[in-house]
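Down below is the structure, laid out as structure tokens.
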Amino acid sequence: MEGDSKGGNGLVSESGLVSAHTIDSDSWRQVGLLLVTGYSCGYILSFSNLMLVPLGWTWGIISLIMVAVFTAYSSWLLAGFHFVNGQRFIRYRDLMGSLFGQEMFYLTWVSQVLILLITNMGFILLGGKALKEINGEFGDTPLRLQYYIMITGAAYFVFSILVPTISSMGKWLYLSTVLTFTYIVVLLVVVIKDGLKSNRVNDYETKGNNASKIFNGFCAISAIIACNSAGIIPEIQSTLRMPAVKNMRKALHLQFSVGLAFYYGVSIAGYWAYGSSVSEYLPADLSGPKWAKILINSVVFTQSIISQHAFIAPVHEALDTKFLKLDKGIHSRENIKRLFFLRALLFAVNTVVAAALPFMGDFVNLLGSFLLIPLTFLFPSMIFIKVKGEAAKIEKIWHWAIIVVFSVLTVATTVAAVRLIVNNVAKYYLFADT
């Protein structure tokens with residue numbers, strides 16, 4: 001049964017919930033738009049290369065479908081445990097800690113923080129690449145990538161001050177929806193035109209020997225999982241109005257219908273048009289026109305400023321709840337200096353790391369393997385078994401099967417990701433102008 005709590009800054013509810021961010025204020029439509037636009041961000045411009053090139057058509061499509069089905073199911077399942085025995089959990093780590101002990105609290109939180117930080121660094125890198133592509137259309141000697149990364153990090157920092165919480169994104173999500181629809185439609189038109197007018201026969205064969213194909217395939221599965229999940233369902237769900245479970249599941253339906261059509265559609269179209277030679281950044285392959293490439297990259301950069309905020313907000317919430325004065329408004333005189341410092345520190349570190357390591361895609365695979373798979377698939381089934389106990393004997397068999405299968409997948413994808421890093425280590429150098 002869903003409990004009662006009151007939204008607002010510095011929340012202290014009857015169940016002991018404390019947060020510097022707003023709780024219980026958002027409609028399911030707002031959260032649905034957040035999920036659709038967040039997962040249809042600039043990251044999808046690399047998915048044709050990361051997900052389909054290593055797998056090819058048959059295994060690629062099968063993997064896309066299977067991962068989407070299981071991710072949707074696990075997300076739906078986890079949303080149902082927002083309340084356990086009458087207690088509400090607005091953070092994943094609190095839920096795991098309550099059921100499995102302090103060690104699982106810290107394991108969950110460290111896993112989330114690492115994933116969210118490196119995801120934000122990836123956003124900064126993608127924003128920088130979009131700006132560099134725009135500059136490249138106007139001249140032959142663009143600045144180094146690192147300058148554009150610094151501009152992107154600064155833009156994200158300013159947005160995080162002006163729009164400090166998920167709930168405060170409000171009207172920005174409508175703008176993000178328009179931007180998302182605009183760049184995806186223009187991109188698909190150009191990509192499909194290129195595919196239809198191409199005089200070459202595209203090569204869709206996977207490369208390498210049998211061992212390489214297998215390992216690369218597991219890396220691709222990691223990327224597919226990362227494109228569908230971020231491991232922050234309870235944190236996003238905390239912003240929803242009551243009934244939080246029903247509303248979260250409505251928002252998830254929107255993600256895995258409209259959102260899925262967007263980010264899978266772009267990935268499949270890119271691979272169809274350019275084959276196994278598709279770039280790691282899809283707009284680099286576009287034949288033109290020039291205005292379309294400039295528009296796509298401009299919109300991708302602008303949209304990323306909004307969409308990245310949802311995936312770093314749980315880190316903001318933890319810092320704000322720890323260091324801000326909860327009895328004052330988040331933009332009050334007492335809190336604004338602290339807010340400025342916390343955001344500046346976080347984005348300064350993320351921007352420097354993104355500038356120094358512009359090849360972090362390999363590390364995204366690694367973290368996605370041994371951190372995101374458990375958060376997405378293992379933990380929800382563990383929660384089900386713990387909460388339902390003997391009352392669901394048949395269902396327990398199903399969830400134990402999920403735990404076993406995805407534990408094996410965690411090991412396999414982690415080994416594959418480590419192998420990829422080892423093979424590519426000679427190509428890495430700090431502050432590379434990629």
Side-chain angles (χ1 to χ4, degrees), residues 37-50 115-162 176 179-180 182-184 187 223 226-227 263 266 270 278-286 290 292-312 315 343-365 367 424 427-434:
T37 58
Y39 284 103
S40 300
C41 63
Y43 264 109
I44 69 175
L45 301 177
S46 63
F47 287 162
S48 299
N49 176 276
L50 290 177
I115 290 170
L116 296 175
L117 288 179
I118 202 166
T119 297
N120 188 255
M121 295 171 195
F123 267 110
I124 294 172
L125 178 59
L126 284 167
K129 287 186 174 181
L131 290 179
K132 186 175 181 180
E133 287 286 326
I134 295 169
N135 185 263
E137 293 297 322
F138 293 100
D140 297 328
T141 56
L143 297 172
R144 288 179 58 85
L145 175 63
Q146 280 67 31
Y147 290 102
Y148 303 109
I149 287 175
M150 291 169 59
I151 294 171
T152 304
Y156 291 2
F157 162 71
V158 172
F159 187 82
S160 73
I161 295 292
L162 298 175
S176 182
L179 293 173
T180 301
T182 298
Y183 97 81
I184 287 180
L187 179 69
C227 102
Y263 53 80
V266 169
V278 64
S279 171
E280 293 181 357
Y281 185 67
L282 187 57
D285 287 332
L286 303 182
K290 181 177 179 178
K293 298 180 72 172
I294 294 172
L295 175 65
I296 290 169
N297 283 292
S298 299
V299 173
V300 165
F301 171 76
T302 307
Q303 194 262 10
S304 75
I305 296 175
I306 304 171
S307 59
Q308 61 84 28
H309 190 63
F311 297 105
I312 196 64
V315 178
R343 298 294 194 270
L345 179 62
L346 187 148
F347 283 105
V349 172
N350 284 2
T351 300
V352 169
V353 175
L357 307 173
F359 41 78
M360 65 174 58
D362 292 351
F363 296 94
V364 170
N365 283 339
L367 289 180
N424 291 342
K427 302 176 184 178
Y428 300 151
Y429 62 95
L430 295 178
F431 298 98
D433 184 22
T434 56

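Values below: all heavy atoms of this structure, side chains included; hydrogens, waters and symmetry mates excluded.
Contact annotation: the side chain of Thr37 never approaches that of Ile306 to less than 4.5 Å [non-hydrogen atoms, C-beta and beyond]. You'll find the side chain of Leu131 reaches within 4.5 Å of the side chain of Ile151, heavy atoms only. Within the 4.5 Å cutoff, the side chain of Val299 has no heavy atoms near those of the Thr180 side chain. The side-chain heavy atoms of Phe138 and Ile294, taken from C-beta on, include a pair separated by under 4.5 Å. Using a 4.5 Å heavy-atom threshold, the side chains of Arg343 and Ser160 count as touching. When side chains are defined from C-beta on, Lys129 does not count as touching Tyr148, because their heavy atoms never get closer than 4.5 Å. Residues Phe311 and Leu117 are not in side-chain contact: their nearest non-hydrogen atoms beyond the backbone lie 4.5 Å or more apart. The shortest side-chain heavy-atom distance between Ile184 and Ile44 falls under the 4.5 Å cut-off.
The ring of Phe123 has its center closer than 6.0 angstrom to the ring center of Tyr43. Taking the six-membered ring where the residue is Trp, the centroids of Tyr183 and Phe301 are separated by 6.0 Å or more.
Side-chain atoms of Asn135 and Tyr147 form no donor-acceptor pair, as typed in the model, at a separation below 3.5 Å. Side-chain contact, Ser46 with Glu280: no donor N or O sits under 3.5 Å from an acceptor N or O. In the model, Ser304 has no side-chain atom that pairs as donor or acceptor with a side-chain atom of Gln308 under 3.5 Å.
Taking CG of Leu45 as the start and CG of Leu187 as the end, the distance is 6.0 Å to the nearest 0.5 Å. Note: Leu162 CG to His309 NE2 = 10.0 Å, rounded to the nearest 0.5 Å. Of the inter-residue distances, the one linking Asn350 atom CG with Tyr156 atom OH reads 11.0 Å to the nearest 0.5 angstrom. Taken to the nearest 0.5 Å, the CD atom of Gln146 stands 8.0 Å off from the NZ atom of Lys132. Rounding to the nearest 0.5 angstrom, the gap separating the CD1 atom in Ile161 from the CZ atom in Phe347 is 9.0 Å. Rounding to the nearest 0.5 angstrom, the gap separating the CD1 atom in Ile149 from the CZ atom in Arg144 is 9.5 Å.
For Ile305 against Ala155, the heavy-atom pair with the smallest separation is CD1-CB, 4.0 Å. The heavy-atom pair separating Ile134 from Ser298 by the smallest distance is CD1-OG, 3.4 Å. Nearest heavy-atom pair across Val300 and Ala130 is CG1-CB, 4.4 Å. The two residues Tyr39 and Ala226 have their closest heavy-atom pair at CE2-O, 4.5 Å. In this structure, Ser48 and Gly270 approach most closely via the heavy-atom pair OG-CA, 3.5 Å. In this structure, Ile312 and Leu116 approach most closely via the heavy-atom pair CD1-O, 3.8 Å.
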Could you check Thr182 against Ile296 for side-chain contact (heavy atoms from CB on, under 4.5 Å), going step by step and ending with a plain yes or no? CA-CA 8 Å; Thr182 298; Ile296 290 169; over 6 Å; no
Could you walk me through whether Tyr281 and Asn297 pass the side-chain contact (heavy atoms from CB on, under 4.5 Å) test, one step at a time? CA-CA 11 Å; Tyr281 185 67; Asn297 283 292; 2.6 Å; yes
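Using a distance-only test at 3.5 Å, with no hydrogens or angles considered, a donor-acceptor pair links the side chain of Asn49 to the main chain of Val278.
The pair Glu137-Lys290 fails the salt-bridge criterion, with no side-chain N (NZ, NE, NH1 or NH2) lying under 4.0 Å from an Asp/Glu carboxylate O.
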